[in-house]
Amino acid sequence: MSELVIKDKFLHTLAHQEFYEPITLYRPNKSDFHDVVARLLPDDGRVERYSYWWSCYFTDTRLPAQGWKIHVSATPAHASAILDTVARVLLQHRVPFKFVADRMLLSLFNGKSFDRGSSGKFITIYPQHQQQFEQLIVALHEQTIGYWGPYILSDKRFRDSKVIYYRYGGILPMKRAIGDGSSEHVIKGTDGSYIVDERTPYFHLPEGIVDPFADEPAEEDAGEATLKDGRYEIQGVLAFSNPGGVYLARDSETDQTVVIKEGRPYTNVSYRGLDAVQLVKKEHRLLTLLAGQGVSPAPLDFFLDWEHAYIVQEYLGQFTSLRGYLAGIHLTLKTNPSAADHAQFWKAYRAIFVAVADAFRKIHEKGIVFGDISLNNVMVQEQDDGTPTVLLIDFESAYEAGVDLPTHIFTPGYASKDYENNSVANFADDCYAMGSLMLAGLFPMNPLLSLDRSAHRRYLTEFRQDIGLPAALEQLILSLLDGDAEQRPSMAAVHQQLQQPITPLPARIQTANFDVQQLPELIQRSWQYVAAHADPSREDRLYPSDPEVFQSNPLSLAYGALGVAYVGHQLTGKVDPAVRQWINQRQIDSHSSSVGLYNGLAGNAWCAYEIGEFELASQMLESALAHPQKTASPYLFDGMAGLGMTCLKFHQWTRQPHYLQQAEALAQELLAQAQSDTEGEVYWQLRDKTSASLAHGVSGIALFLLYTHLATGKALYLTIGKQAMNWVIKQGHYNDEGGLTWMARSTTPSYTPYWRWGSSGIAKVLLRYWQVSQDPSYLALLDDIHIDCHRKYTIFPGYFFGISGILDWYVDMLAVPGWRDKADAACQRIISGLLLFAIEKDEGIAFPGESLARISCDYGTGGAGICMMLQRYQQRSASPFMLDELLPAYQAAQEQSA
């Protein structure tokens, strides 16, 4: 019974208002579907909760490991009737099945954000063998004639049914670990070997499996490269989502490039019952109503092709999203904005939001509520004179008051509390979203608003002093974001006010909200919150964490209990006995954990040793060294470099030669896997992806090779490590301010300053190569990286992908000659920015995790890692999970102090 995929972390926000939780803790409405089946059960029938589902089985049920599965789709409106009909057939034949837990989850399964390959599956049926499958699917087809549901893209439709589909695949969960610490579903091939159980958004049969209904006619999903009898030739895909794609096409009649938006029937059904087809039709009508107003792309055509609806729109080739436009002008993304930067920004900011307000004013005058306003559905084109033209796209959430049925589609952080809580969007909600856009134009912290509705107030206070936010704009944003809809100005009033001249205040990035004297209390109260939320009664996790804790290792350094326990031990010198007991009760073998330093057994071992669990630590490390996937990944976060670092650390602790031998064996394996570029520099890749980063790239491997050189005295590891760092340096990019930065990886074209993927993590490695080699070129690069990292405003507060990881590098730099004052100023700026994320709670100070939607207490993304970095700064302590005791500078300092 496979897990399903949804974008981002949204499913993990359903069960709790503050923490990421597994869907198993979500309480479904049993009256929706559970009770429909429960009343039909025979004496030995059972209905039990399983993840997103209710599972129905019998006391003698024995599921096959793999085989043919039947899926039944449904819309929320007809789901109960379909379930009743199907359940009667299945219970008569004693066939096990599962069904979506309630109507809300079914709406999500059919919705825009759900994985296209898994969407639509309301009921999953598990025939015991092929003969039963063939008989059952015919019976179900006959009983469900007249019902309709979304097309299940991963399956084949049975005959002319509108709800019955089938595929071949795994039934019992069989997985195998892969190099990055995650796993993949597998089934047995016809030759007995394990093969990937592919979950594609199209029908796919494993090699050797024959479709028993291959010769029967079936109505297949549309898949042609042309539409409307060949008039529109598809040239590319702009976006794919469950309700349908957005395509770039050529109109053969006009020879124009156009955009075509697709609506698949019975998907993305709104709570008022409108599906994607009806939403696309409504969008075409609204665009027609707005034609000539200069606020939206021109509607060119609407047609049905097969069962799908299509709207053809004007192609906005020279436009970019407001998100992309603002990224190019944001002052808060700069590390040292000049007076000219300030003047240019405020001119552009005022101009763009005058245009945005004007567009929304015009649609309001037409009686249209937009509903789902965000940075992605406002498109911008800058004219030759610098003035922006704004057009609005994606009107699926919009409605004409008194004409259309409203929908309930919104983007968290851009919707008022009332609208998020299931009310109908109105003109005042659009005004709230306008305030959210203006806030995002200063810095995109909006997701935090869903967790902390007052967060914008502290950000606006800092914007006033840091970037000169004019008082009139500050008050306008505050009034637009007022919790009382009656207090929000109309879009016409907003447009009028934005046209008034503005006078930016004097600006310089400051740290007035942070006092070094308050640091001990900040650390204490932040740790107090983390410690207060340990829950030893749970099996799946001990502390509120990133959703990765439910997919990986509940003890892990990154997301689990050992990472937090390590921090607590560093801060207080002790670990709560209940926490120790919980840790010792967890499974530690290679079947339940990956090998990694940050997500697996190596990191578990390191943390366990640090907190005094020496026997447990030794068992964990030996399990890592015997792991079948030990050499699958070369990287620090999840692979050989991290495991090798742990072996070196254990050698430092125990002086047992075994650990040094294991570390060197891993180093030798890394050398064997290394590749060389045309200039002889060295790099590693995994599944055709490369990265220069510390956690998942070449820098982390180079760091391990450097430490191996220091531990063994062998020059080869230093030589190869330098070649690797030469490769890293060549991948660097200088931004507009002259800062040296890196792209996260070859398949992720974004540049980042963060520890896990970007410049601050790479800087930690360059610093240590300088400390060993004294090569001044490394130190010179650190000056350039400083320009990229000297920040107050970042997207997240955590260690891996936020401001705390940057702090880690700057604390390193406090000990570098000539850097003390510069690094200390940078640390204080960073902590000042960190405090903007702080949420005051009765139990202490909480911090949001990655995505900002929920609080996290773990090491990698939440409060524990933040506490660790704050204490590092306070005490000038060593960098965690490094081997700096091997560095000559550390040894010299030890000798001097002795």
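Sequence positions, counted from 1, serve as the residue numbers for this chain.
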Would you find a donor on one side and an acceptor on the other, under 3.5 Å apart, between the side chain of [X] and the backbone of [Y]?
{"X": "Ser693", "Y": "His696", "value": "yes"}
{"X": "Asp884", "Y": "Leu887", "value": "no"}
{"X": "Tyr769", "Y": "Ala702", "value": "yes"}
{"X": "Ser804", "Y": "Pro797", "value": "yes"}
{"X": "His709", "Y": "Lys714", "value": "yes"}
{"X": "His533", "Y": "Tyr529", "value": "yes"}
{"X": "Ser623", "Y": "Gln619", "value": "no"}
{"X": "Trp742", "Y": "Ala692", "value": "no"}
{"X": "Ser618", "Y": "Phe614", "value": "no"}
{"X": "Gln731", "Y": "Trp727", "value": "yes"}

Would you give the length of the straight line joining atom [atom1] of [X] to atom [atom2] of [Y], rounded to the nearest 0.5 angstrom?
{"X": "Ile523", "Y": "Ile866", "atom1": "CD1", "atom2": "CD1", "value": "12.0 Å"}
{"X": "His627", "Y": "Leu621", "atom1": "NE2", "atom2": "CG", "value": "12.5 Å"}
{"X": "Tyr778", "Y": "Trp770", "atom1": "OH", "atom2": "CH2", "value": "13.0 Å"}
{"X": "Leu519", "Y": "Gln828", "atom1": "CG", "atom2": "CD", "value": "9.5 Å"}

Do [X] and [Y] pair up side chain to side chain, a donor and an acceptor below 3.5 Å, judged on atom types alone?
{"X": "Ser545", "Y": "Ser856", "result": "no"}
{"X": "Ser750", "Y": "Thr748", "result": "no"}
{"X": "Asn599", "Y": "Ser556", "result": "no"}
{"X": "Thr794", "Y": "Arg791", "result": "no"}
{"X": "Asp788", "Y": "Thr741", "result": "yes"}
{"X": "Glu664", "Y": "Tyr717", "result": "yes"}
{"X": "Asp824", "Y": "Tyr873", "result": "yes"}
{"X": "Ser691", "Y": "Tyr635", "result": "no"}

For [X] and [Y], which heavy atoms make the closest approach, and how far apart are they?
{"X": "Leu625", "Y": "His658", "answer": "CD1-NE2, 4.1 Å"}
{"X": "Trp684", "Y": "Val682", "answer": "CH2-CG1, 3.5 Å"}
{"X": "Pro880", "Y": "Tyr566", "answer": "CB-OH, 3.3 Å"}
{"X": "Trp809", "Y": "Cys789", "answer": "CZ3-CB, 4.0 Å"}
{"X": "Tyr754", "Y": "Ser760", "answer": "C-OG, 3.3 Å"}
{"X": "Asp812", "Y": "Ser879", "answer": "OD1-CB, 3.7 Å"}

Decide yes or no for [X] and [Y]: does some side-chain heavy atom of the first lie under 4.5 Å from some side-chain heavy atom of the second?
{"X": "Met882", "Y": "Leu703", "result": "yes"}
{"X": "Ile839", "Y": "Ile845", "result": "no"}
{"X": "Leu852", "Y": "Phe837", "result": "yes"}
{"X": "Asn604", "Y": "Asn553", "result": "yes"}
{"X": "Asp540", "Y": "Pro554", "result": "no"}
{"X": "Leu522", "Y": "Leu835", "result": "yes"}
{"X": "Val811", "Y": "Leu814", "result": "yes"}
{"X": "Leu616", "Y": "Asn584", "result": "yes"}

Charged N to carboxylate O below 4.0 Å: is that the case for [X] and [Y]?
{"X": "Arg458", "Y": "Asp452", "result": "yes"}
{"X": "Arg580", "Y": "Glu613", "result": "yes"}
{"X": "Glu21", "Y": "Arg538", "result": "yes"}
{"X": "Glu462", "Y": "Lys792", "result": "yes"}
{"X": "Lys9", "Y": "Asp546", "result": "yes"}
{"X": "Asp535", "Y": "Arg541", "result": "no"}

Return the orientation label for the [X] and [Y] ring planes: parallel under 30°, perpendicular over 60°, tilted otherwise.
{"X": "Phe550", "Y": "His12", "answer": "parallel"}
{"X": "Tyr810", "Y": "His786", "answer": "perpendicular"}
{"X": "His16", "Y": "Phe19", "answer": "parallel"}
{"X": "Phe443", "Y": "Tyr793", "answer": "tilted"}
{"X": "Trp755", "Y": "Tyr799", "answer": "tilted"}

Does the ring pair (Phe, Tyr, Trp, His ring centres under 6.0 Å) test come out yes or no for Tyr559 and Tyr859, once each step is laid out? CA-CA 6 Å; Tyr559 313 111; Tyr859 182 88; over 10 Å; no
Among Phe881, Tyr598, Phe801, whose ring-ring contact (aromatic ring centres under 6.0 Å, His included) with Phe637 holds?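 The passing option is Tyr598.
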Could you check Lys649 against Glu885 for salt bridge (Lys or Arg N to Asp or Glu O under 4.0 Å), going step by step and ending with a plain yes or no? CA-CA 10 Å; Lys649 188 66 177 180; Glu885 63 269 27; 3.0 Å; yes
Go through it in stages, so that I can follow the logic: the residues are Arg586 and Glu539, the test is salt bridge (Lys or Arg N to Asp or Glu O under 4.0 Å), and I'd like the CA-CA distance, side-chain angles, deciding distance and then a yes or no. CA-CA 9 Å; Arg586 298 310 104 189; Glu539 293 291 325; 2.8 Å; yes
In sequence, state the C-alpha distance, the side-chain angles, and the governing distance for Lys722 and Asp775, and then conclude on salt bridge (Lys or Arg N to Asp or Glu O under 4.0 Å). CA-CA 11 Å; Lys722 285 182 175 179; Asp775 184 340; over 6 Å; no
